[in-house]
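Everything on this sheet refers to the single structure shown next.
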Amino acid sequence: MFDTFCSKLHSDKPFITVEITPPHGSSMDKIIASIEDIGLHKKVAGFSVTDNPLAKLKMSAILSAIKVQQHFNLPVIATMSMRDRNKLSLQSSILGANDFDLRCILALTGDPAKFSDQPEVKGVLERDSTLLLSIIYKLNQGLDYSNKALNPAPKPIYPFAVSNSYAKDMKNIQKKMIKKLNYGARAIITQPVYDLANAKKLIEIFEEAKEISIRESAKEAQLILGQFPVVRAKTANFIADKVPGISVPKEIIDEMNLASMDGEAKEQEVGFALSKAIFDEILTNHGKIHLMTHNRFDLCADLIKGVN
């Protein structure tokens, strides 16, 4: 399963993953059923599962990921937030997941605990996501973080990392890419990208980062461009105004605002057409996309339609 996943990631063919957000509840069954009903699992290389995004309570990312992976027999990238775990908990969780063959881990610093919907939550945050990447590097050598041999050693773990998609000085993004590659990231998933020029710049600085990195594994690392389709003007404006590290072109904002004046149906029609055009452009030019839709799996299926 993971050999096939990695082969697709490194091939010239389309590689598409879809993000799943677990429920504020105790079962993944409804989410799994909605994916299965539209056959989305037959159209993608794999899934990812978020870990309490915005520090809001959701079902366990690791346990949710195991359930999805076992149900669809497709690799699932489990997000692990540094906000909620120290290095003991991180290692323990990864080793336990490894026994269930959950071996793709997305290292994330995590949104601050102050955003939580739970009273008086305190973040753990021993260090940023590079601590998790360095832990995985050790585990892949059969060692824990204190250099003690593990018996048995875990099966190979595939570390993923994240990146902003835009900055006034793109060299700042590149520096962070280099840092994560140096800590062993095998792939970097970006925040959503909304125009081809931005996508091409990210690809350019990533390729340069691979050459600069001191880590041999960086030479084979891959960039996966994030996509968050917007079908509401309110969403487009919020991302543009309030979400750092993402750039939404003014042309998209203007078109969405105009469409919203003619009702929700028109707004969604225009928003989907714009999102589809961006998706097709980036897929043609790069081929590696991670879809984030807040569990709008029908929207994912529509975007992917016709992709071979």
Side-chain angles (χ1 to χ4, degrees), residues 15-21 47-56 61 77 79-83 105-112 115 128-130 132-133 159-181 185-207 209 221-232 234-250 252-253 256 271 274-275 278-279 281-283 285-296 299-300 303:
F15 176 90
I16 300 169
T17 52
V18 171
E19 180 181 271
I20 297 170
T21 299
F47 296 95
S48 75
V49 174
T50 61
D51 185 14
N52 295 328
L54 293 176
K56 303 294 193 290
I77 305 165
T79 305
M80 293 187 72
S81 166
M82 302 301 296
R83 176 194 59 232
I105 304 294
L106 176 60
L108 200 67
T109 300
D111 299 304
F115 295 148
D128 64 19
S129 61
T130 57
L132 179 50
L133 292 173
F160 290 69
V162 296
S163 167
N164 283 345
S165 59
Y166 178 79
K168 287 183 179 179
D169 184 355
M170 294 295 280
K171 287 293 182 182
N172 290 332
I173 290 179
Q174 186 181 63
K175 288 175 185 176
K176 292 178 181 179
M177 286 178 170
I178 294 166
K179 183 179 180 181
K180 291 175 181 182
L181 291 172
R186 300 280 292 275
I188 291 180
I189 301 172
T190 74
Q191 287 272 49
V193 178
Y194 288 97
D195 69 89
L196 188 58
N198 188 186
K200 287 182 174 179
K201 187 62 180 178
L202 285 166
I203 295 165
E204 177 189 326
I205 65 171
F206 181 74
E207 290 302 318
Q222 299 294 315
L223 183 70
I224 304 169
L225 296 173
Q227 290 271 274
F228 183 86
V230 288
V231 292
R232 299 297 301 270
K234 181 180 179 181
T235 305
N237 281 283
F238 178 82
I239 293 171
D241 295 339
K242 303 294 185 182
V243 183
I246 303 174
S247 174
V248 184
K250 186 175 184 299
I252 291 178
I253 299 294
M256 291 299 298
L274 290 168
S275 298
I278 297 162
F279 175 86
E281 262 192 332
I282 290 176
L283 191 67
N285 282 271
H286 184 61
K288 299 171 185 18
I289 291 178
H290 181 63
L291 283 171
M292 300 166 263
T293 61
H294 290 322
N295 290 358
R296 282 286 310 275
L299 188 54
C300 292
L303 285 169

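Given the structure is predicted, the values throughout are model-derived calculations rather than measurements.
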Close side-chain approach of [X] to [Y], heavy-atom, < 4.5 Å:
| X | Y | result |
| --- | --- | --- |
| Pro229 | Leu303 | yes |
| Thr190 | Phe206 | no |
| Ile278 | Asp195 | no |
| Leu223 | His286 | yes |
| Thr17 | Ser48 | no |
| Phe228 | His294 | yes |
| Pro53 | Thr21 | yes |
| Ser163 | Lys176 | no |

Other residues, nucleotides, ligands: >12 heavy atoms within 6.0 Å of Lys56 NZ: yes
So does [Y] get a backbone contact from the side chain of [X], meaning a donor-acceptor N/O pair under 3.5 Å?
| X | Y | result |
| --- | --- | --- |
| Asp51 | Ser81 | yes |
| Glu19 | Val49 | no |
| Gln174 | Ile205 | yes |

Can you measure from [atom1] ([X]) to [atom2] ([Y]) and round to the nearest 0.5 angstrom?
| X | Y | atom1 | atom2 | answer |
| --- | --- | --- | --- | --- |
| Asn172 | Tyr166 | CG | OH | 11.5 Å |
| Ile188 | Ile173 | CD1 | CD1 | 10.5 Å |
| Leu283 | Lys288 | CG | NZ | 10.0 Å |
| Lys200 | Ile282 | NZ | CD1 | 10.5 Å |
| Ile20 | Thr293 | CD1 | OG1 | 9.5 Å |
| Gln227 | Met292 | CD | CE | 8.0 Å |

Test log, rule side-chain contact (heavy atoms from CB on, under 4.5 Å), inputs Arg83 and Asp111: CA-CA 7 Å; Arg83 176 194 59 232; Asp111 299 304; 4.1 Å; yes
Nearest heavy atoms of [X] and [Y], plus distance in Å:
| X | Y | value |
| --- | --- | --- |
| Ala185 | Ala221 | O-CB, 4.1 Å |
| Ser165 | Val193 | CB-CG2, 3.9 Å |
| Ala199 | Leu225 | CB-CD1, 3.8 Å |
| Cys300 | Val18 | SG-CG1, 3.8 Å |
| Val230 | Ser275 | N-OG, 3.2 Å |
| Ser129 | Thr109 | N-OG1, 3.2 Å |

Verdict with supporting geometry, Lys179 and Asp128, salt bridge (Lys or Arg N to Asp or Glu O under 4.0 Å): CA-CA 11 Å; Lys179 183 179 180 181; Asp128 64 19; 3.4 Å; yes
side-chain contact (heavy atoms from CB on, under 4.5 Å), paired with Met80, selected from Leu106, Leu108, Ile105: Ile105
Stepwise side-chain contact (heavy atoms from CB on, under 4.5 Å) check, Asn198 with Met170: CA-CA 10 Å; Asn198 188 186; Met170 294 295 280; 4.0 Å; yes
Worked verdict on Ile224 versus Phe160 for side-chain contact (heavy atoms from CB on, under 4.5 Å): CA-CA 10 Å; Ile224 304 169; Phe160 290 69; 4.1 Å; yes
Derivation of the side-chain contact (heavy atoms from CB on, under 4.5 Å) call for Val162 and Lys180: CA-CA 9 Å; Val162 296; Lys180 291 175 181 182; 4.0 Å; yes
